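Not measured: the values here are computed from a predicted model.
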Amino acid sequence: MSKNTTPGQTIINIGETGSEMYIIGHGSVEIILSDGNVVATLHEGQIFVESALLHDTKRNANVRALGYCELYRLDKEQFDEITTRHDELIDRISSLTSRRSSDRSERHSASVKRIQQKLKEQDEAA
């Protein structure tokens, strides 16, 4: 099933129950954490919100369309059917999810350090 979005449209909200993932057929989306930091921009051919299907968790980021997008939705039942027939997909998707999570943690740590440094500089200047 495909879904078309408009520029700036929110596709996924933090905290929603994840029952599907998306493949970007056309366009780009940005992944935004609860603090407002954009942690990734994804483009045609990439997938997003797959971790909720792997781990049966709630959404951990907002996803917003950067422009007009055509997205293909894969629900949990379809996902399970495909990954049952193609075991290697679970490994690849799990690896991708782990890598993205690690990248987000590193970016978050760097952001926290920058903020701490700015606060320290402001305290020293005062």
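- Taking 4.5 Å as the limit, some side-chain heavy atom of I31 sits within range of a side-chain heavy atom of L42.
- Note that the CD atom of E77 and the CD atom of E20 stand 13.5 Å from one another [nearest 0.5 Å].
- Contacts of N13 classified as side chain to side chain contact (heavy atoms under 4.5 Å, CB included), with partners at least two apart in sequence or in another chain: T10, E16, N62.
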Kindly indicate, with the supporting measurements, whether the criterion side-chain hydrogen bond (donor to acceptor under 3.5 Å, both in side chains) is fulfilled by E70 and Y68.
CA-CA 7 Å; E70 183 176 13; Y68 292 100; over 6 Å; no

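- Qualifying side chain to side chain contact (heavy atoms under 4.5 Å, CB included) partners for S34, counting only residues two or more places apart in sequence or in other chains: I14.
- At a threshold of 4.5 Å between non-hydrogen side-chain atoms, the residues K3 and R73 do not count as touching.
- Using a 4.5 Å heavy-atom threshold, the side chains of M1 and Y72 count as separate.
- Nearest heavy atom pair, residue E30 against residue V38, reads OE1-CG2, 3.7 Å.
- Y22 and V39 fall within the same hydrophobic cluster, where Ile, Leu, Val, Met, Phe, Trp and Tyr residues are linked whenever their side-chain heavy atoms come under 4.5 Å apart, directly or through other members.
- Listed here is the closest heavy atom pair of L33 and A61: CD2-CB, 4.3 Å.
- In this structure, the separation between CG on D75 and OG on S19 is 7.5 Å, given to the nearest 0.5 Å.
- Contact between T17 and R59 at its shortest, heavy atoms only, is O-NE, 4.3 Å.
- For the side-chain contact (heavy atoms from CB on, under 4.5 Å) with V29, the lone residue among I24, I12, L66 that qualifies is I24.
- Heavy atoms only, all atoms of each residue included: T41 and S28 are closest at CG2-CB, 4.5 Å.
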Between F48 and I23, is the side-chain contact (heavy atoms from CB on, under 4.5 Å) condition met? List the steps.
CA-CA 7 Å; F48 62 95; I23 302 164; over 6 Å; no

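- For the pair I32/R64, a side-chain contact is recorded, criterion being any heavy-atom separation below 4.5 Å from C-beta on.
- When all heavy atoms are compared, the tightest approach of D80 to T84 is O-OG1, 2.6 Å.
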